[in-house]
Amino acid sequence: MKGISMVEKRVQKLIKEAIESAVSDGVLEIAEIPEIELSTPRIETHGDLSTNIALVIASVSKKKPRDVAEMIAERISSGKNEIEKVSIAGPGFINFNIKKGSYLEILHEVYKRGEDFGKTNFGEGNKLQVEFVSANPTGPLHIGHGRGAVYGDVLSSVMEAAGYDVTREYYVNDAGGQMLTLGRSVYMRYLELSNQKVDYPKECYQGDYIMDIARELDKAEGKKLAAFSETEAIKFCSEYASNKILNQIKQDLAETGIIHDTYFHEMNLHTDAAIESSIRFLKKKGHLEERDGALWFKSTEFGDDKDRVLRKADGALTYFAADIAYHKNKFDRGFKRVIDIWGADHGGYVARMKAGIESMGYDPKGFDVVLIQLVNLMSGGEAVSMSTRAATYETLEDVRKEVGKDACRYFFLMRSHNAQLDFDLDLAKKESPDNPVFYIQYAHARICSVFRKAEEQGLILPESSDIDINLLNLPEEQKIARMLSTLPEVVDECATALEPHKLAFYLLELSRMFQSYYSQGKRDDRYRVLGQERKIAEAKLYLLKNIQIVIQNSLRILGISAPTKMEKEEEPND
RNA sequence: GGGCCUGUAGCUCAGUGGAUAGAGCAUCUGCCUUCUAAGCAGAGGGCCGCAGGUUCGAGUCCUGCCAGGCCCGCCA
């Protein structure tokens, strides 16, 4: 299941054979061999790898854990394979010391696969749709949308790396009441511009952008608008404004590095009668009921807390009615899995959506909703206010322009999506190692710098078959090689848990390992890449090349750039 | 009142049921003639919210409390 390194696979096989041999020797009786889990002990004296298999077997076979461990351990040969030493410790753990150099073999695989290293077959090529952002085109994206947007984009990339065929979709709510409110808002501002006294309604959108659109509209289409009736004018304003805003949103997303494959317009569900057709289907199945003049979907039959209205007493369809038709449409398009990314404030909506999907005859197991928790912008150690009412909220655009695209993306991935995020604007802007984005990019730039220096000295990385990896005999080199080997595992973990932040943490940790390794060259010549015997220098360059590949691959998934050089700004002297 | 999320070092946070709970920041102590000191090494700092339970083993799983956030409309 989990992608594990070649070394671990072989150790696993040896353990399995030892257990089988114990069974055939008649000293152990078990129905079937449980999954053999290998873990990395935290403490170095416990070896490189450890398994709890003896503890697991002991609990089902009514034997003492240490006796079971003994039986297994004595049947595992060491010396001829990658195992240096087998030992038993604690309540019955079997610990393995791996031969120096075994982990270095991964370097050839990383190098050979290059950009593809880290990709796995976890998703088996299945079609997956990730729907995210889907903000109504009634105003600019705010910072909360930004978090969902970056999360959705990186999750999509992670799922692609994990072997899914991913479609990124944006659902545009361009039908219904909000669009009329938008149209009315713009129309009111337009009237103000033509010196008409208007009492701007408080349910209308308050942001300055409405006035900007009205001004633009007045200039371009003012004459046309004056001839319309109010109803016509509002409709016209609504369409004009929503197109305008949607284009701004698209541009905003593009500048944040996010491109959706498809935009699905709610309007289509109305025009091609998909909603009516879903309602007919549900009615035939007996899931609907007329009550108080409205049409209700009996979602409680599918585990929801209460029934939900599909058509209001005034005859208008609810957004939920459209959502049912929309999700049916998703599965009809052949997606095996559908993941919706919503703000945490929509949490109460999950049960009814699952009910809707199930009632339409689809398996809700193929459907996941990920709720993204709130973002608090922090500046100078204090929260920046984000009230929509007062229209002082921070937009995604403002934040991205302030801290840059790369920092903006990384900071949204610094926490698990189901925990609230304090976005530290000061830290995100800082060009210093406290800033994890800077630190990671600096690690990458440093590697590039070493390669530039090497080239100046006439040292160029030879074919990988000419590299003697066994010259990498420093403990840190083994550790780094081992860390590199786990990228595919990390990708699978992210994909399983739908938690791309694990990759962000992995990348930071790898960067730290490299920076530490690199810096030891200041004190200890064995750690320097250049100025070594040629063969040793080449081996070390090869290691660096591999680190560079893994950093680049990780950054690519995160959608963050990998600069080859960090330009230092001159510090002003005071 | 009900649902979802969160609670781990002074701060911000990691932590697939495993052994002695980790990192960064902050604090203190060291390290630049040599591949970028925009860096590194080291030290101190913990009833893992509280109380029970399951387990050979719980920060992790279950139950109940406590505290904070979000939600509970024929709004989206």
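In what follows, chains are A, B, ... by sequence order, proteins preceding strands, each numbered from 1.
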How close or far is atom C1' of B:A14 from atom NZ of A:Lys502, stated in whole angstroms?
9 Å

For A:Asn95, answer base if it contacts any base atom (sugar-phosphate contacts may also be present), sugar-phosphate if it contacts only those atoms, and nothing otherwise; contact means non-hydrogen atoms under 4.0 Å.
base

Return the nucleotide paired to B:U63: Watson-Crick means purine N1 to pyrimidine N3 with N6-O4 or O6-N4, wobble means G-U with N1-O2 and O6-N3, both under 3.5 Å.
B:A51

Within this structure, what is the CD1-to-C1' distance between A:Ile440 and B:G24, rounded to whole angstrom?
12 Å

Just checking, A:Lys545 and A:Phe451: is the charged tip under 6.0 Å from the six-membered ring centre and within 45° of the axis?
yes

Go ahead and name the base partner of B:A41; Watson-Crick or wobble counts if both distances stay under 3.5 Å, otherwise write none.
B:U29

Think A:Arg352 has a side-chain N or O under 4.0 angstrom from the OP1 or OP2 of B:G3?
no

Name the nucleic acid region contacted by A:Asp292, choosing base, sugar-phosphate or nothing; use a 4.0 angstrom heavy-atom cut-off, strictly under.
base

Need one value for A:Ala89: base, sugar-phosphate or nothing, where a base atom within 4.0 Å counts as base even if backbone is also close, heavy atoms only.
base

Under 3.5 Å on both distances, the Watson-Crick or G-U partner of B:G18:
B:C56

Judged by each residue's nearest nucleotide on RNA chain B, which is more toward the 5′ side, A:Lys312 or A:Asp345?
A:Asp345

Closest approach to the side chain of A:Val56, judged atom by atom: which nucleotide of B:G18, B:A14, B:C35 is it?
B:G18

If the threshold is 4.0 Å, N to carboxylate O, is there a salt bridge linking A:Arg534 and A:Glu538?
yes

Looking at B:C35, B:A19, B:C13, which one has an atom nearest to any side-chain atom of A:Arg42?
B:A19

A:Asn52 near the nucleic acid: base, sugar-phosphate alone, or nothing, with a heavy-atom cut-off under 4.0 Å?
base

With heavy atoms under 4.0 Å as the rule, sort A:Ser449 into base, sugar-phosphate or nothing.
base

Within the structure shown, what part of the strands sits under 4.0 Å from A:Phe93 by heavy-atom distance: base, sugar-phosphate, or nothing?
base

A:Ala294 near the nucleic acid: base, sugar-phosphate alone, or nothing, with a heavy-atom cut-off under 4.0 Å?
base

Using a 4.0 Å heavy-atom cut-off across all strands, classify A:Tyr527 as base, sugar-phosphate, or nothing.
base

Syn/anti state of B:C32 by chi, 90° boundary around 0:
syn

Applying a 4.0 Å non-hydrogen cut-off, can you work out what A:Tyr439 is touching in the nucleic acid: base, sugar-phosphate, or nothing?
sugar-phosphate

Nearest listed nucleotide, side chain of A:Met566, among B:U6, B:G69, B:U36:
B:U36

